[in-house]
Amino acid sequence: MEPVMEIGERGVLISLSAKNKLGFINGSCQKPVENSPLFAQWRRCNDMVIAWLLNSLSKDIAESVIYSQTAEELWAELEQRYGQADGAKLFQLQRELNNILQGTNDVAAYFTRLKRIWDQMKVLNTFMSCGCECKCGAKTHNHKMNEDQKLIQFLMGLTEGYSGVRGNILMMKPLPSTAQAYSIILHEESQREVHSGHHVSAEPSAFNINAQKWNTQKPNSEYGVNIITVTLKQGKPTSAPTVRSRDTRKRNVINWLGTHRLSSSLNQGETLKMSRLMQQ
């Protein structure tokens, strides 16, 4: 697990704020004197915040700060170690961002990877934006330029199957935000899945219909199917496949049908005699 200051600082702050415990790390909730009736309650809450922070750290880092007396002291130690922007980390994130492609992933998984790196770089970046009211429009222009860069990165990593909708997005004036472009691409992906499902479900029915037409239009003899001729052995019909001319096969079938029909009412001798007469 990476240090809390790199991947979980915002999550820790949100969690502590929801539990009304931010004062234990920013110093606003001071330690009371030991003979105060609030000391036991403060110590219990302080130990609880320390336990939350330790569980958010890797084992090695947690062992190095486990003897901190207060949550404020532990948090200050972490900020001193990992709170500054790391140039190597920025380099690694930028390189990972340049190599991200959609590949076999769906659009949601691909966009999530991009969004995670964008947020990490935003936290690590040392660029400061002013909070004063801007009348010249430079702040809006800079924000729009940053948003357009993210949009181009998102569109460049998509597969060639989205080249059509990608071109339509790039033709828009002004360019949409990254969130809007993601919504358009996601809608396109959903439409493709719907059409693909209808196409696959219709294929088996079409195949069955074509097979029935093929079987009803052509007799078996035209496709080289060997007609089985029948001989008599001890009064019972037995099959012996042979390849003969069309007329011979037809005569043998007639003979077998006649013999098979009569053999049910004739005895063995009569059946043999009838068979010989019909073969002459």
Side-chain angles (χ1 to χ4, degrees), residues 1-97 100 108-109 111-135 138-140 142-147 149-150 177-179 182:
M1 181 188 300
E2 296 184 8
V4 63
M5 299 305 296
E6 293 187 7
I7 63 171
E9 180 181 6
R10 179 168 175 78
V12 171
L13 293 176
I14 292 175
S15 178
L16 293 177
S17 176
K19 295 177 172 60
N20 196 24
K21 296 295 186 294
L22 277 177
F24 286 88
I25 64 173
N26 61 18
S28 60
C29 186
Q30 294 294 328
K31 177 181 177 180
V33 295
E34 294 186 1
N35 57 358
S36 172
L38 299 177
F39 178 76
Q41 182 180 0
W42 179 91
R43 184 173 60 182
R44 183 172 60 252
C45 293
N46 177 74
D47 293 341
M48 181 172 56
V49 174
I50 291 177
W52 290 342
L53 296 176
L54 292 177
N55 290 332
S56 301
L57 301 173
S58 65
K59 182 179 179 180
D60 296 336
I61 299 177
E63 290 178 352
S64 66
V65 295
I66 194 172
Y67 293 104
S68 299
Q69 296 299 317
T70 64
E72 181 183 2
E73 180 182 344
L74 189 152
W75 188 258
E77 177 72 17
L78 293 176
E79 282 190 330
Q80 185 177 0
R81 293 186 190 179
Y82 311 107
Q84 298 177 358
D86 188 353
K89 185 63 177 179
L90 284 173
F91 176 82
Q92 179 182 356
L93 290 174
Q94 186 62 55
R95 183 172 59 181
E96 183 180 355
L97 183 64
I100 288 182
F111 182 79
T112 301
R113 292 179 61 192
L114 289 174
K115 185 67 166 56
R116 178 182 59 84
I117 297 179
W118 289 337
D119 293 343
Q120 284 184 284
M121 295 183 67
K122 183 178 180 180
V123 173
L124 294 174
N125 204 329
T126 57
F127 177 78
M128 298 294 294
S129 58
C130 63
C132 59
E133 183 179 358
C134 181
K135 298 181 180 180
K139 182 188 299 185
T140 303
N142 291 335
H143 177 75
K144 178 61 176 175
M145 183 176 62
N146 185 36
E147 189 69 20
Q149 289 178 351
K150 293 181 180 180
S177 65
T178 307
Y182 169 70

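Worth knowing before you read on, the calculation uses all heavy atoms, side chains too, and leaves out hydrogens, waters and symmetry mates.
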To the nearest 0.5 Å, what is the distance between [atom1] on [X] and [atom2] on [Y]?
X: R44; Y: M48; atom1: CZ; atom2: CE; result: 8.0 Å
X: M145; Y: T140; atom1: CE; atom2: OG1; result: 12.5 Å
X: L97; Y: Q92; atom1: CG; atom2: CD; result: 12.5 Å
X: D119; Y: L93; atom1: CG; atom2: CG; result: 11.0 Å
X: Q69; Y: R43; atom1: CD; atom2: CZ; result: 11.0 Å
X: S177; Y: H143; atom1: OG; atom2: NE2; result: 8.5 Å

Item to check | side-chain hydrogen bond (donor to acceptor under 3.5 Å, both in side chains) partner of T178, chosen from K150, K115, Q149, E147 | outcome: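 Looking at K150, K115, Q149, E147, the match for T178 under the side-chain hydrogen bond (donor to acceptor under 3.5 Å, both in side chains) is E147.
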Checklist entry - Does the side-chain contact (heavy atoms from CB on, under 4.5 Å) test come out yes or no for L78 and L57, once each step is laid out? => result CA-CA 10 Å; L78 293 176; L57 301 173; 4.0 Å; yes
Item to check | Exam field: side chain N46 to backbone F24, donor-acceptor pair closer than 3.5 Å | outcome: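 Not a single qualifying donor-acceptor pair exists.
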Checklist entry - Do side-chain atoms of N146 reach the backbone of N142 as a donor and acceptor pair under 3.5 angstrom? => result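 No; zero donor-acceptor contacts below 3.5 Å.
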So [Y] and [X], do their side chains get closer than 4.5 Å, heavy atoms only?
X: Q41; Y: P32; answer: no
X: I61; Y: S58; answer: yes
X: V12; Y: W52; answer: no

Checklist entry - Can W75 and L53 be said to form a side-chain contact (heavy atoms from CB on, under 4.5 Å), step by step? => result CA-CA 8 Å; W75 188 258; L53 296 176; 3.9 Å; yes
Checklist entry - Should the pair F111 and Y182 be assigned to parallel (<30°), tilted (30 to 60°) or perpendicular (>60°) ring geometry? => result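 Because their plane-to-plane angle is under 30°, the rings of F111 and Y182 count as parallel.
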Next on the checklist: Using the rule side-chain contact (heavy atoms from CB on, under 4.5 Å), only one of L74, L54, T70, I25 pairs with V49; which is it?
Outcome noted: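 Testing each of L74, L54, T70, I25 against V49, the sole residue satisfying side-chain contact (heavy atoms from CB on, under 4.5 Å) is I25.
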Checklist entry - How would you list all residue pairs meeting side chain to side chain donor-acceptor pair (under 3.5 Å) that involve residues 20-39, not counting sequence neighbours? => result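 Residue pairs with at least one partner in residues 20-39: N26-S28.
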Item to check | Nearest heavy atoms of S64 and R81, plus distance in Å | outcome: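 Shortest heavy-atom contact: OG-NH1, 2.9 Å.
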